[in-house]
Amino acid sequence: MSTSPTRARMTGQMRAARTLVAPSRVLLAAKTAGAAVLAWYLAPLIPFAADEYSYYAPLGVVVSMYPTLADSARSSVQTVLGLAIGIGFGLVAVGLDAAGVPAAVALAGIVAIGVLLGGARALGPGREWIVMAALFVLLIGGRGDPDQFSVSYLVTMAFGIVVGVAVNVLIAPPVFLPYASRRLSELRDTLAARLDEMADAVGAGGVDHDALAASMSELSTMLLTVADEVREADRSLRGNPRGRRQAAAQEENSRRLRALEHVTFFARDLADILGRIPPASAPLRGDARALLAEAVRACRDVVATAPGDRDTTALIETAGAAVEGYLASLEPVDTGIAELAETVTAGVSLRRMIDACRPFA
């Protein structure tokens, strides 16, 4: 097998580096920077907020900026809710301190309660702000006018959040369907390459089980990453005016992901089976080994075909015939039933792999 853990790590690092300078990421950075400056300049105009706390407006922008509008809206609401809860606890702590309760006790109380509430998953990113807001009110607002600080803190942060969401909506809100489609194609090509490697190993007379396991592990990791990217692309359509008339592309991405998930499962199953078949397996004597390699390559051709390709139906028929030819060549001569079962199961996995691709024929 040509894939190694070192090569897999290098590939992942290169992809991560490209993500940092992707056009969508650069645009998000530019929008966030512009919105932060805009919020900072406009913050002194906010009623009920003191000018000296205007720096919280850019912070509100930062916490509201996400790649998708749906994530921006949800996280913004959750952040404001977390801030409000934290500010409320902070004011309670200030009141306890004014009543003579030791400051250390009040501080410990709001930290402990804030950490407990930080386990509320429904608050999302807002749960991280509960303790912070409470501490700000106690340690900063408590030195002067805690009510004025609390109102200024909440209103200014909320204003920054509104500015951030508005900029995200008005300036090129992203649609990630094309990117998700490209990543699905990369996953398809990687899967086809793994099948090609398996076919070569079978034809050469044996499979390196450890190398094959590492290769399949890399493939599974890639599948999980691409699945997350497809889901993010779906979220990018929610509330997005640029997402209209994208239903067909969204459905195609979903269909491709489901098919590739199934094919990857059967490819892993096939790899596991091939790793257990001895190089001198009796059922694979004669032409059977070459026919198995041919069947794997035929399935590779099906998997590697792009959606909508006119040759898909013919390739599926060819792959099906190759698998049946391989199964027909197996003979249980001088071998145990378990060894024969493994070789038959390899053919069954290939059949199911083909069936997973039939919706695109």
Side-chain angles (χ1 to χ4, degrees), residues 16 19-20 25 28-29 32 35-36 39-40 43 46 48-50 52-165 168 221 224-225 227-228 231-232 235 238:
T19 300
L20 293 178
R25 196 70 191 176
L28 179 65
T32 304
W40 187 33
I46 305 172
F48 311 113
E52 61 264 31
Y53 301 119
S54 296
Y55 53 84
Y56 285 120
L59 182 58
V61 169
V62 172
V63 302
S64 71
M65 279 293 194
Y66 280 75
T68 67
L69 296 183
D71 289 341
S72 287
R74 182 178 63 253
S75 66
S76 296
V77 172
Q78 292 169 332
T79 298
V80 171
L81 183 58
L83 285 170
I85 294 173
I87 288 171
F89 284 132
L91 290 173
V92 170
V94 170
L96 292 174
D97 183 51
V101 175
V105 174
L107 177 63
I110 62 172
V111 170
I113 294 173
V115 171
L116 288 174
L117 290 177
R121 302 179 68 88
L123 288 175
R127 55 188 176 174
E128 306 296 335
W129 288 92
I130 296 175
V131 172
M132 190 177 300
L135 287 174
F136 280 179
V137 171
L138 177 61
L139 301 179
I140 300 177
R143 298 174 182 175
D145 185 346
D147 294 335
Q148 176 63 37
F149 172 81
S150 299
V151 171
S152 298
Y153 181 29
L154 181 61
V155 171
T156 307
M157 280 283 290
F159 174 74
I161 287 172
V162 170
V163 171
V165 172
N168 214 5
T221 300
L224 292 174
T225 301
D228 286 340
R231 285 190 286 269
E232 184 178 42
R235 290 197 304 274
R238 298 175 190 170

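One is the number of the first residue; the rest follow in order along the sequence.
Note: Asn168 CG to Thr68 OG1 = 8.5 Å, rounded to the nearest 0.5 Å. With rounding to the nearest 0.5 Å, the separation of OG1 in Thr79 from CD in Glu128 is 10.0 Å. Remark: Ile110 CD1 to Leu91 CG distance equals 10.5 Å, nearest 0.5 Å. With rounding to the nearest 0.5 angstrom, the OG1 atom of Thr156 is 9.5 Å from the OH atom of Tyr55. With rounding to the nearest 0.5 angstrom, the CD1 atom of Ile130 is 11.5 Å from the CD1 atom of Ile87. In this structure, CH2 in Trp129 is found 4.0 Å from CG in Leu59, a value given to the nearest 0.5 Å.
When all heavy atoms of Ala49 and Gln148 are compared, the pair lying nearest together is C-NE2, 4.1 Å. Across Ser54 and Trp40, no two heavy atoms sit closer than the pair O-CD1, 4.0 Å. Between Gly164 and Met65, the shortest heavy-atom contact is O-CE, 3.4 Å.
A distance of 6.0 Å or more separates the ring centres of Tyr53 and Tyr153.
Between the Gln78 side chain and the Arg127 main chain, no donor and acceptor come within less than 3.5 Å of each other.
Looking at Thr225 and Asp228, their side chains never bring a donor and an acceptor atom within 3.5 Å of each other.
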